Amino acid sequence: MLQRIYGTAFWKKKDLDEYLHRLEEAKKRDHRVLGKQLDLFSIYEEAGPGLVFWHPNGAIIRQEIEKWTEEEHRKRGYQRIYTPHIMKADLWKTSGHYNFYRENMFFVPVVEHDEEERLGNDEVPLTCEEIEKAHWYAVKPMNCPGHILIYKSQVRSYRDLPLRFFEFGTVYRYEKSGSLHGLLRVRGFTQDDGHIFCRPDQLKEEIQGVLDYVMELLSTFKLDYVINIGTKPEKYIGSDEAWEHATQALIDALTERGFGYNIVEGDGAFYGPKIDIAVLDAIGRKWDGPTIQVDFNLPERFDLTYVDRDGQKKRPVMVHRAIMGSIERFIGLLIEHYAGLFPTWLAPTQVVIIPVSDKFLDYADEVYRKLKEAGIRVKLDDESAKVGYKIRKAETMKIPYMLIVGQKEQESGTVSVRSKREGDLGAMEVSQFLDKILTEIKEKL
RNA sequence: GCCGGCUUAGCUCAGCUGGCUAGAGCGGGUGACUUGUAAUCACCAGGUCGGGGGUUCGACUCCCUCAGCCGGCACCA
């Protein structure tokens, strides 16, 4: 009989202590725990593993991030598009996903059946016969084919390039059960997905544009990261010259911007080299998010062309890129990164007003209206409970600001400000507080 | 998917080697209290113990199986 024993060893007691401390810290920041505590999202056994339900609080965070992302894309010359969630299986044969990615895909059979027979029978979804006769759709695991169809919808001139399409593309992938992890690894997620169609000579500049955007994201959220370049794998398509050109474009783009990077030999996709940027979580684990991938394969498979200056049809280069990667994963990382205490612009509830007793409800309501009118996400805690209890509730929910109002404040027309970050800030005029918080929101502090 | 562990109330968890009507705290409801910077008190309602099957006089407890979760591996945004 064999008995397997697992263990983790440390050279010094201090290393072990640090490790244990880090685990404890990570537990406090765990996005799955905070997600429940802050009422952000949930996942249900009965709905399916890896499928996320965004609660009102989580939805606010997501919407704020999407708003920001959408605006950044617009500024950077992207055109927003929408594509369907299911498409015919044949399309995925053309794209090659059916062949290479089938085991990760969800399929939808379309069946003609006798409605009478089906009524009241939910035991067997499909008979073997029906499966044989069904024609199949696939739920999209990626957004590229949809973007490509739009590219192909008209003849493109070299003057049209680069063409940059952007979509919040929700995709579904049947990830192995053991790899699922809260929001960080799910089966249904939304990519901030974009595809750039350009001429080969535009490649480096386009990559730099994406890189600049990624850096804007990482600095806005103050995230730590590592940059990796994945080069030509053993199995690949496309000419060696094309690989050489594209890989060099990635390297040059990074070097000219002064970024360090690791080369991961053979880690490129079979269709082209890529830059992956891994974001670090609370315990230092790396999660790929931002990605820039050059693709020689799909333009070929879908026979994409543009008419060049000389009147000849030429093949465009395609760049797949995601800035956050997946919104689910990105928010998961943010929850851990901020330990649930979101910057004010993202906080689901930005301010809670706490009247000392019911006697001050009228004044509290007056303050509430003023903030509401200024566009602040504000709540009035009108429960007949002690101040200490209400403060505790707000602290637990990690609300950035509490405004305590009682006799003093009502008489002087002020509010007592308690900041989650800065502690007790004392009494101020409502307008003074508004200036402070509105600046904070605008500056994304 | 693989290896190991786990699954009891909305949440976090008790429940000894199988044996009376399965417990607590938080949360929820009701009432009282009218409160000054991290938990006021009392009462009440919530569970076919993850699903299915088996062993047994008897299963939350033992076995099988399915599902889900957790940790790790492998794979990926």
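If you're wondering where the values come from, they're calculated on a predicted model, not measured in any experiment. Throughout, a chain's letter reflects where its sequence line sits, starting with A, and its residues are numbered from 1.
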What nucleotide, of [options], holds the atom closest to the side chain of [X]?
{"X": "A:Lys386", "options": "B:rU34, B:rU40, B:rG36", "value": "B:rU40"}
{"X": "A:Glu175", "options": "B:rA77, B:rU34, B:rG68", "value": "B:rA77"}
{"X": "A:Ser326", "options": "B:rU35, B:rA77, B:rA38", "value": "B:rA77"}
{"X": "A:Lys36", "options": "B:rU35, B:rA38, B:rU12", "value": "B:rU12"}
{"X": "A:Glu45", "options": "B:rU35, B:rA67, B:rG1", "value": "B:rA67"}
{"X": "A:Ser179", "options": "B:rU35, B:rC75, B:rA39", "value": "B:rC75"}
{"X": "A:Arg329", "options": "B:rG1, B:rC76, B:rA38", "value": "B:rC76"}
{"X": "A:Ser416", "options": "B:rA77, B:rU37, B:rG1", "value": "B:rU37"}

Could you please name the partner base of [N], counting Watson-Crick and G-U wobble pairs only when both distances are under 3.5 Å?
{"N": "B:rU7", "result": "B:rA67"}
{"N": "B:rG1", "result": "B:rC73"}
{"N": "B:rU37", "result": "none"}
{"N": "B:rC44", "result": "B:rG28"}

With a non-hydrogen cut-off below 4.0 angstrom, is [X] in contact with a base, only sugar-phosphate, or nothing?
{"X": "A:Val186", "value": "base"}
{"X": "A:Ala385", "value": "base"}
{"X": "A:Glu103", "value": "nothing"}
{"X": "A:Gly388", "value": "sugar-phosphate"}
{"X": "A:Lys27", "value": "nothing"}
{"X": "A:Asp288", "value": "sugar-phosphate"}

* Pair A:Lys88 + A:Asp90: basic N to acidic O under 4.0 Å -> no
* So, A:Glu64 and A:Lys67, do they make that salt bridge, N to O below 4.0 Å? -> yes
* To do: Evaluate the salt bridge (charged side-chain N to carboxylate O under 4.0 Å, His left out) criterion for residues A:Glu167 and A:Arg80: first the C-alpha distance (whole Å), next the side-chain angles of each, then the deciding distance (0.1 Å), finally the verdict.
  => CA-CA 6 Å; A:Glu167 172 177 24; A:Arg80 177 83 186 261; over 6 Å; no
* Check the angle between the aromatic planes of A:Tyr78 and A:His73 and answer parallel, tilted or perpendicular using the 30° and 60° thresholds. => perpendicular
Pairs under 3.5 angstrom, nitrogen or oxygen only, protein versus nucleotides 42-45 of chain B, please.
none

* Is A:Tyr389 near enough to B:rG27 that one of its side-chain N or O atoms lies under 4.0 angstrom from OP1 or OP2? -> yes
* **Whole-Å gap separating P (B:rG68) and NE2 (A:His181)** => 17 Å
* To do: May I have the distance from A:Arg187 (atom CZ) to B:rC69 (atom C1'), rounded to whole angstrom?
  => 13 Å
* **Heavy atoms from other residues, nucleotides or ligands near NZ of A:Lys379 exceed 12 (cutoff 6.0 Å)** => no
* **Aro-ring/base stack A:Phe189-B:rA77, d under 5.5 Å, angle under 30°** => yes
* Asked: Can you tell me how far C1' in B:rA14 sits from the matching atom in B:rA77, rounded to whole Å?
  -> 41 Å
* To do: Using the P atoms only, state how far B:rA74 lies from B:rG18, rounded to an integer number of Å.
  => 40 Å
* Answer yes or no: side-chain N or O of A:Glu46 and base N or O of B:rG50 forming a donor-acceptor pair under 3.5 Å. => no
* Glycosidic conformation of B:rG46, syn or anti, with 90° from 0 as the boundary? -> syn
* Asked: Want to settle it: does A:Arg32 or A:Gly48 sit nearer the 5' end of RNA chain B, counting the closest nucleotide to each?
  -> A:Gly48
* Asked: Do A:Trp92 and A:Phe106 have ring centres separated by under 6.0 Å?
  -> no
* Asked: Only one of A:Phe302, A:Tyr271, A:Tyr236 clears side chain to side chain contact (heavy atoms under 4.5 Å, CB included) with A:Asn297; which?
  -> A:Tyr271
